[in-house]
Asks: 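Would you mind keeping the following structure in view while I ask a few things?
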Amino acid sequence: MAKDAVMISIRPEWCKLIAEGKKTVEVRKSAPLFATIPFKCYIYESRERKAVIGEFVCDCIQIAEEPYWDMMTGTCLTARQMNEYAQGSLLYGWHISDLVIYDQPRSINEFIALRSSTLWSWTAKLKRPPQSWCYVYKREEDAK
């Protein structure tokens, strides 16, 4: 299995906008430190489908601080929504490129997560979705 992939949990309303090509930047309070840009992101749709519905390549991460004006294009968020979400912290805009929405959603059990603590690192099958995002191995058929 190849490394440098992330699984990201996204609400259904945002998944719809991503699939329609309207949302081209996913806003988060953090970004992967150990993934080499560009990296693959698997999209886990929370709440409704509760499955991996697609993937994209994150080819750029933009960092913004208040008032976040430089990051608004492509986020489908208002300035007020960004300020409420950020609460004064930095925001990271994950740029969405090479989007693929699967014909059939995939189970998170098909993915292996990279876990770590202060002293150890290990791999484990995903049993539940990430709160925000987590490192995963690329699936063999996706690594080609």
Side-chain angles (χ1 to χ4, degrees), residues 1-117 122-144:
M1 292 191 144
K3 293 183 183 179
D4 284 343
V6 167
M7 183 173 294
I8 187 167
S9 290
I10 302 178
R11 293 180 184 172
E13 60 269 24
W14 301 121
C15 286
K16 182 176 187 250
L17 292 172
I18 290 169
E20 293 171 353
K22 295 176 182 173
K23 183 173 174 62
T24 58
V25 176
E26 178 61 21
V27 177
R28 296 293 160 136
K29 291 183 185 177
S30 64
L33 295 175
F34 303 111
T36 304
I37 295 174
F39 59 91
K40 183 175 282 201
C41 290
Y42 294 98
I43 303 167
Y44 177 84
E45 183 179 303
S46 61
R47 297 186 183 166
E48 289 180 13
R49 290 191 208 174
K50 296 183 179 178
V52 179
I53 62 151
E55 61 189 61
F56 65 89
V57 173
C58 179
D59 60 1
C60 171
I61 295 180
Q62 183 180 0
I63 303 171
E65 56 187 345
E66 238 175 332
Y68 313 112
W69 300 113
D70 294 339
M71 188 187 288
M72 289 191 58
T73 303
T75 65
C76 294
L77 295 169
T78 64
R80 181 184 198 129
Q81 287 172 313
M82 290 182 83
N83 282 317
E84 286 174 1
Y85 174 66
Q87 298 177 343
S89 64
L90 288 176
L91 289 181
Y92 299 84
W94 299 27
H95 185 260
I96 298 168
S97 65
D98 301 329
L99 176 67
V100 175
I101 300 298
Y102 303 145
D103 292 332
Q104 291 294 317
R106 297 176 177 166
S107 169
I108 61 166
N109 298 19
E110 296 180 38
F111 295 86
I112 305 293
L114 301 172
R115 305 287 189 201
S116 64
S117 68
W122 67 96
T123 60
K125 262 193 174 183
L126 268 175
K127 294 180 182 166
R128 60 186 174 121
Q131 285 290 319
S132 179
W133 60 269
C134 69
Y135 293 105
V136 295
Y137 280 99
K138 288 182 190 172
R139 293 165 27 103
E140 287 296 337
E141 53 270 26
D142 296 338
K144 296 174 184 169

Asks: Listed by chain and number, what are the side chain to side chain donor-acceptor pair (under 3.5 Å) partners of Asp98, not counting sequence neighbours?
Replies: none
Asks: With rounding to the nearest 0.5 angstrom, report the NZ to CD distance, Lys23 to Glu13.
Replies: 10.0 Å
Asks: Check salt bridge (charged side-chain N to carboxylate O under 4.0 Å, His left out) between Arg28 and all other residues, then give those that pass, not counting sequence neighbours.
Replies: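 Only Glu26 meet the salt bridge (charged side-chain N to carboxylate O under 4.0 Å, His left out) criterion with Arg28.
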Asks: Got a second to check how far Leu91's CG is from Ser89's OG, nearest 0.5 Å?
Replies: 5.5 Å
Asks: How close do Met82 and Val27 get, heavy atom to heavy atom, and via which atoms?
Replies: CE-CG2, 4.3 Å
Asks: Does a side-chain heavy-atom distance below 4.5 Å link Gln62 with His95?
Replies: no
Asks: Distance from Ile18 atom CD1 to Ile10 atom CD1, nearest 0.5 Å?
Replies: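 Atom-to-atom, Ile18:CD1 and Ile10:CD1 are 4.0 Å apart.
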Asks: Under the ring pair (Phe, Tyr, Trp, His ring centres under 6.0 Å) test, which residues partner Trp133, sequence neighbours left out?
Replies: Trp94, Tyr135
Asks: Would you confirm whether Thr75, through its side chain, and Val25, through its main-chain N or O, come within 3.5 Å as a donor-acceptor pair?
Replies: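 A pair under 3.5 Å: no.
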Asks: What distance do Ile101 atom CD1 and Cys15 atom SG have between them, rounded to the nearest 0.5 Å?
Replies: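 Here the interatomic distance stands at 7.5 Å.
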Asks: Looking only at heavy atoms, what is the nearest atom pair of Phe56 and Ser97, with distance?
Replies: CB-O, 3.4 Å
Asks: By side chain to side chain donor-acceptor pair (under 3.5 Å), which residues pair with Ser46, not counting sequence neighbours?
Replies: none
Asks: Could you pull out all residues at least two apart from Gln81 that satisfy side chain to side chain contact (heavy atoms under 4.5 Å, CB included)?
Replies: Leu77, Thr78
Asks: Sequence neighbours left out, what pairs pass salt bridge (Lys or Arg N to Asp or Glu O under 4.0 Å) with at least one residue falling in residues 72-91?
Replies: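 Listed once each, the pairs are Arg80-Glu84.
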Asks: Looking at Phe34, I'd like to know if its CZ atom is crowded, meaning that more than 12 non-hydrogen atoms belonging to other residues, nucleotides or ligands lie closer than 6.0 Å.
Replies: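 Atom CZ in Phe34 is not crowded, with 12 or fewer foreign heavy atoms closer than 6.0 Å.
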Asks: Heavy-atom count check: over 12 atoms from other residues, nucleotides or ligands less than 6.0 Å from Lys29 NZ?
Replies: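 Yes.
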Asks: Which pairs count as salt bridge (Lys or Arg N to Asp or Glu O under 4.0 Å) when at least one residue sits in residues 56-68, sequence neighbours excluded?
Replies: none
Asks: Applying side chain to side chain donor-acceptor pair (under 3.5 Å), can you list everything that pairs with Arg49, at least two apart in sequence or on another chain?
Replies: none
Asks: Taking only residues two or more places apart in sequence or in another chain, which ones pass side chain to side chain donor-acceptor pair (under 3.5 Å) with Lys22?
Replies: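 Side chain to side chain donor-acceptor pair (under 3.5 Å) list for Lys22, sorted by chain: Glu20.
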Asks: Please round to the nearest 0.5 Å and tell me the distance separating atom SG of Cys134 and atom CG of Leu126.
Replies: 5.0 Å
Asks: Less than 4.5 Å apart, any side-chain heavy atom of Arg106 and any of Glu55?
Replies: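 Sidechains of Glu55 and Arg106: in contact.
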Asks: Side-chain contact, heavy-atom cut-off 4.5 Å: Ile61 with Pro32?
Replies: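 Answer yes - side chains close enough.
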Asks: To the nearest 0.5 Å, tell me how far Ile53 CD1 sits from Tyr102 OH.
Replies: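 Rounded to the nearest 0.5 Å, the CD1-OH separation comes out at 9.5 Å.
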Asks: Could I get the full list of side chain to side chain contact (heavy atoms under 4.5 Å, CB included) partners for Ser107, not counting sequence neighbours?
Replies: Asn109, Glu110
Asks: Could I get the full list of side chain to side chain contact (heavy atoms under 4.5 Å, CB included) partners for Ser9, not counting sequence neighbours?
Replies: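 Only Tyr44, Pro129, Pro130 meet the side chain to side chain contact (heavy atoms under 4.5 Å, CB included) criterion with Ser9.
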